[in-house]
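Here's the structure, in structure tokens; my notes come after.
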Amino acid sequence: MTTGTRPEGRSSLSLAEVGPDRAAEVARVVHRAFGARPRLDPPSTAMDETVTSVAEALRADGGLLVLRQDQPVGALLFDSTVPGRLGLRRVSVDPAHQDHGVASAMVGVAEDVAAARGLDGVWLDARDELAETVTFWLRRGYVVVDRVGPSIRLAKTLELARALPTADDTREFGRRLAAQLVPGDLVVLTGSLGAGKTTLTQGIGAGLGVRGDVTSPTFVISRVHPSLTTGPELVHVDAYRLAGTAELDDLDLDASVADAVTVVEWGEGLAERLGQSWLDVRLDLLEHGGKAALAAAGPDRDVRRPPDLDPGEVRVITVRPRGPRWATSRLRSTLLA
Ligand SMILES: Nc1ncnc2c1ncn2[C@@H]1O[C@H](COP(=O)(O)OP(=O)(O)OP(=O)(O)O)[C@@H](O)[C@H]1O
Ligand SMILES: [Mg+2]
């Protein structure tokens with residue numbers, strides 16, 4: 001027991017990816033965490049884990065161990081049985097060390113590991129009787145995607161960021177994004193004036209193969225571009241001049257959203273309610289927030305900036321998938337490939 005010590009923040013935690021040599025510490029945290037849980041029917045198999053079984057798991061896929069002042073307080077095992085996604089098993093926080101952000105810190109590092117491994121996202125199984133546990137994951141953008149025995153499967157596709165050196169690169173990104181879009185998909189674009197939202201939408205329109213030039217609508221707030229083939233139409237909305245949700249309702253997008261690909265510039269805080277799922281897409285100038293966006297989404301291996309390029313042109317795009325539509329998608333790997 002750590003009585004009499006000051007409450008500590010996350011800064012005092014150290015998190016590391018560990019192998020089988022740390023199996024005893026990981027097994028101890030797992031037993032402490034699962035031993036303190038309410039009895040479930042059927043019971044969790046976590047209490048059957050031994051140092052040997054944990055060592056095997058760590059040898060195969062690795063895991064995380066969290067230390068506070070050299071004392072193990074959190075642990076989890078990685079699972080790579082689902083291609084393209086990192087599984088988390090035995091997510092454990094020592095009950096004496098809850099409310100210290102141990103679990104949050106572990107999830108953050110696990111997501112970084114998944115990103116560094118080039119994976120699309122993360123999944124885990126949780127018992128739905130444990131409402132607090134489920135809420136913890138839902139708050140972090142995880143979505144229920146399946147039921148597996150006595151558990152529910154939660155999954156999330158990680159955000160991605162990449163640098164777009166020129167307007168043509170932004171259009172090309174839009175084309176690649178369009179290849180992933182199906183009727184009913186909603187893209188909410190955020191970024192300052194001239195950030196490249198319409199330029200990206202031009203690429204989406206080209207990728208979908210729709211009629212008409214995608215332009216900044218001066219007088220019209222919403223424009224429909226029918227498909228030239230059999231694909232979905234593009235509904236392009238510029239919400240800049242919209243005063244609020246009531247005016248968005250007047251556009252009657254509900255009527256078209258199920259069959260179209262809907263792209264809303266300046267739609268943040270407005271358009272999300274058009275669907276359960278959407279892509280939250282941000283464009284930043286590299287010099288104004290773009291570097292931070294890249295760093296937040298992982299290694300900035302995508303910054304290509306030839307010396308002859310105007311640094312003021314470089315944009316950083318960040319795509320955050322929201323809702324069940326994207327929770328098990330290959331969006332991240334296809335857009336970063
Ligand atoms: N890397 C880049 N990506 C996108 N646009 C770029 C880039 N570099 C330069 N540009 C230029 O920046 C301008 C972006 O204008 P665009 O209309 O796409 O922005 P917007 O975000 O839609 O602006 P608004 O807020 O007015 O709707 C275009 O003139 C484009 O050619
Ligand atoms: Mg625009």
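Counting starts at 1 for both ligands and their atoms, in listed order. Nothing here was measured: the structure is a model prediction, and the numbers come from that model. Heavy atoms only: backbone and side chains are in, while hydrogens, waters and symmetry mates are out.
- Proximity of a side-chain donor or acceptor of Asp120 to a complementary backbone N or O of Ser333 within less than 3.5 Å is detected.
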Candidate pair Arg90 and Thr45, rule side chain to side chain donor-acceptor pair (under 3.5 Å), full reasoning: CA-CA 10 Å; Arg90 310 303 193 211; Thr45 54; 3.1 Å; yes
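- A salt bridge between Lys156 and Glu111 is present, with a side-chain N of the basic residue lying under 4.0 Å from a carboxylate O of the acidic one.
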Tabulated below should be the N or O atoms of ligand 1 paired with protein N or O atoms at under 3.5 Å; can you produce that?
from: ligand 1; atom 1: 1 (N); to: Leu164; atom 2: O; distance (Å): 3.0
from: ligand 1; atom 1: 1 (N); to: Thr166; atom 2: O; distance (Å): 3.2
from: ligand 1; atom 1: 1 (N); to: Glu313; atom 2: O; distance (Å): 2.9
from: ligand 1; atom 1: 3 (N); to: Thr170; atom 2: OG1; distance (Å): 2.6
from: ligand 1; atom 1: 8 (N); to: Glu313; atom 2: O; distance (Å): 3.2
from: ligand 1; atom 1: 8 (N); to: Arg315; atom 2: NH1; distance (Å): 3.4
from: ligand 1; atom 1: 12 (O); to: Arg315; atom 2: NH2; distance (Å): 3.0
from: ligand 1; atom 1: 18 (O); to: Thr198; atom 2: N; distance (Å): 3.4
from: ligand 1; atom 1: 18 (O); to: Thr199; atom 2: N; distance (Å): 2.9
from: ligand 1; atom 1: 18 (O); to: Thr199; atom 2: OG1; distance (Å): 2.5
from: ligand 1; atom 1: 19 (O); to: Gly196; atom 2: N; distance (Å): 3.1
from: ligand 1; atom 1: 21 (O); to: Ala195; atom 2: N; distance (Å): 3.2
from: ligand 1; atom 1: 21 (O); to: Gly196; atom 2: N; distance (Å): 2.9
from: ligand 1; atom 1: 21 (O); to: Lys197; atom 2: N; distance (Å): 2.8
from: ligand 1; atom 1: 21 (O); to: Lys197; atom 2: NZ; distance (Å): 2.8
from: ligand 1; atom 1: 22 (O); to: Lys197; atom 2: N; distance (Å): 3.4
from: ligand 1; atom 1: 22 (O); to: Thr198; atom 2: N; distance (Å): 2.8
from: ligand 1; atom 1: 22 (O); to: Thr198; atom 2: OG1; distance (Å): 2.8
from: ligand 1; atom 1: 22 (O); to: Glu265; atom 2: OE1; distance (Å): 3.1
from: ligand 1; atom 1: 23 (O); to: Gly194; atom 2: N; distance (Å): 2.9
from: ligand 1; atom 1: 25 (O); to: Lys197; atom 2: NZ; distance (Å): 2.8
from: ligand 1; atom 1: 25 (O); to: Trp266; atom 2: NE1; distance (Å): 3.3
from: ligand 1; atom 1: 27 (O); to: Glu265; atom 2: OE1; distance (Å): 3.1

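- To the nearest 10 degrees, the angle centred on the Mg ion (ligand 2) between OE1 in Glu265 and OG1 in Thr198 reads 90°.
- Not a single N/O/S atom of Thr199, whether from backbone or side chain, sits less than 2.8 Å from the Mg ion (ligand 2).
- Between Arg22 and Glu25, at least one side-chain nitrogen of the basic residue sits less than 4.0 Å from a carboxylate oxygen of the acidic one, meeting the salt-bridge criterion.
- In the displayed structure, Asp21 atom CG is contacted under 6.0 Å by more than 12 heavy atoms of other residues, nucleotides or ligands.
- Salt-bridge check for Arg117 with Glu17: passed, with a basic side-chain N closer than 4.0 Å to an acidic carboxylate O.
- Using a cut-off of 4.0 Å between Lys/Arg side-chain N and Asp/Glu carboxylate O, Asp169 and Arg315 are scored as not salt-bridged.
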